[in-house]
Chemist: 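Let me give you the structure first, and then I'll get to my questions.
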Amino acid sequence: TVDFSDNPHFSTMPASNYWQYLYTLESLDFSRTNLTGPFPASLLGTSTPIKKFLADDTNLGGPLPTYISSLGLQELSLRNTRMCGTLPDFYFTDVLRKLDLANTAVSGTIPSSYARWWDHLDLSSTRLGGTLGPFTFHPTHPSYINFASLPALSGSALNFSNAGRS
């Protein structure tokens, strides 16, 4: 784990050759730093797949790159950033279980691949719309899904396979 969170002096992502020597790197946390620029392409230079990338409350901006779905992330949180553009389609990976893009300028429609089981999915207060679902919730594992304040959302079908959990 590399944790730069809550460090106001951190603003630039290390170069890709920095990550290639961290063979057991599983988690990167840049939350509440002054990290700026686009989503870091230098993450492609890691020697092992990163499982968790957190950059909440930073100045990361620009469109979400298409390669983001090939990183093998289990958790991606970019809440309260300047990220924009459309959502990448995670149709060929079921590894990603937590995605938080709340309070960003991400826009367009929510891909049909998002209608699957999530531990945590927060797309609230974005510019997303379209038709959702059906979403199926795991029968023994609680899920958190938040679509609050989406401007043009319709057709949400939620299937609670265990009504006792939410």
Chemist: If the test is side chain to side chain donor-acceptor pair (under 3.5 Å), which one of Thr104, Asp56, Asp100 qualifies with Arg79?
Modeler: Asp100

Chemist: Rounded to the nearest 0.5 Å, what's the gap from CG on Leu96 to NE2 on His120? Could you check?
Modeler: 11.0 Å

Chemist: Using 30° and 60° as the class limits, which term best fits the ring planes of Phe4 and Phe30: parallel, tilted or perpendicular?
Modeler: parallel

Chemist: Over all heavy atoms of both residues, which pair between Ala55 and Leu78 is shortest? Give the atoms and the distance, please.
Modeler: CB-CD2, 3.8 Å

Chemist: With side-chain contact (heavy atoms from CB on, under 4.5 Å) as the test, would you mind laying out the steps for Leu128 and Leu101 before giving the verdict?
Modeler: CA-CA 11 Å; Leu128 292 165; Leu101 298 172; over 6 Å; no

Chemist: Evaluate side chain to side chain donor-acceptor pair (under 3.5 Å) for Thr1 paired with Asp3, printing each intermediate quantity in order.
Modeler: CA-CA 6 Å; Thr1 298; Asp3 188 348; over 6 Å; no

Chemist: Begin from the C-alpha positions of Gln74 and Lys51 and carry the test side-chain contact (heavy atoms from CB on, under 4.5 Å) through to its verdict.
Modeler: CA-CA 5 Å; Gln74 292 177 6; Lys51 294 180 182 176; 3.8 Å; yes

Chemist: Counting C-beta onward and ignoring hydrogens, is there a side-chain heavy-atom pair between Leu87 and Thr126 closer than 4.5 Å?
Modeler: no

Chemist: Decide yes or no on side-chain contact (heavy atoms from CB on, under 4.5 Å) for Ser149 and Ser124, but give the supporting numbers first.
Modeler: CA-CA 6 Å; Ser149 303; Ser124 62; 5.6 Å; no

Chemist: In Å, rounded to the nearest 0.5 Å, how long is the span from CG of Leu121 to NZ of Lys98?
Modeler: 12.5 Å

Chemist: Would you say CZ of Arg82 has more than 12 non-hydrogen atoms from neighbouring residues, nucleotides or ligands within 6.0 angstrom?
Modeler: no

Chemist: Quick one: closest heavy-atom pair of Arg127 and Ala105, and the distance?
Modeler: NH1-CB, 3.8 Å

Chemist: Could you give the distance from OG (Ser77) to CG (Asp122), rounded to the nearest 0.5 Å?
Modeler: 8.5 Å

Chemist: Are Val106 and Leu54 joined in one hydrophobic group, where the rule is that I, L, V, M, F, W and Y side chains link up if heavy atoms are under 4.5 Å apart?
Modeler: no

Chemist: Could you check Thr36, Thr33, Leu35 and say which one makes a side-chain contact (heavy atoms from CB on, under 4.5 Å) with Asn59?
Modeler: Thr36

Chemist: Could you grab the distance from atom CE of Met83 to atom CG of Leu76, nearest 0.5 Å is fine?
Modeler: 8.5 Å

Chemist: How long is the gap from CZ on Phe53 to OG on Ser31, to the nearest 0.5 Å?
Modeler: 8.5 Å

Chemist: Report the distance from atom NZ of Lys52 to atom CD of Glu26, rounding to the nearest 0.5 Å.
Modeler: 9.5 Å

Chemist: Quick one: are Ile50 and Leu73 in side-chain contact, heavy atoms under 4.5 Å?
Modeler: yes

Chemist: Could you walk me through whether Asp57 and Asn80 pass the side chain to side chain donor-acceptor pair (under 3.5 Å) test, one step at a time?
Modeler: CA-CA 5 Å; Asp57 304 302; Asn80 298 321; 2.9 Å; yes

Chemist: Taking all heavy atoms of Pro65 and all of Phe39, pick out the closest pair and write down the distance.
Modeler: CD-CB, 3.7 Å

Chemist: Minimum heavy-atom separation for Leu60 and Thr81, please, with both atom names.
Modeler: O-CB, 3.6 Å

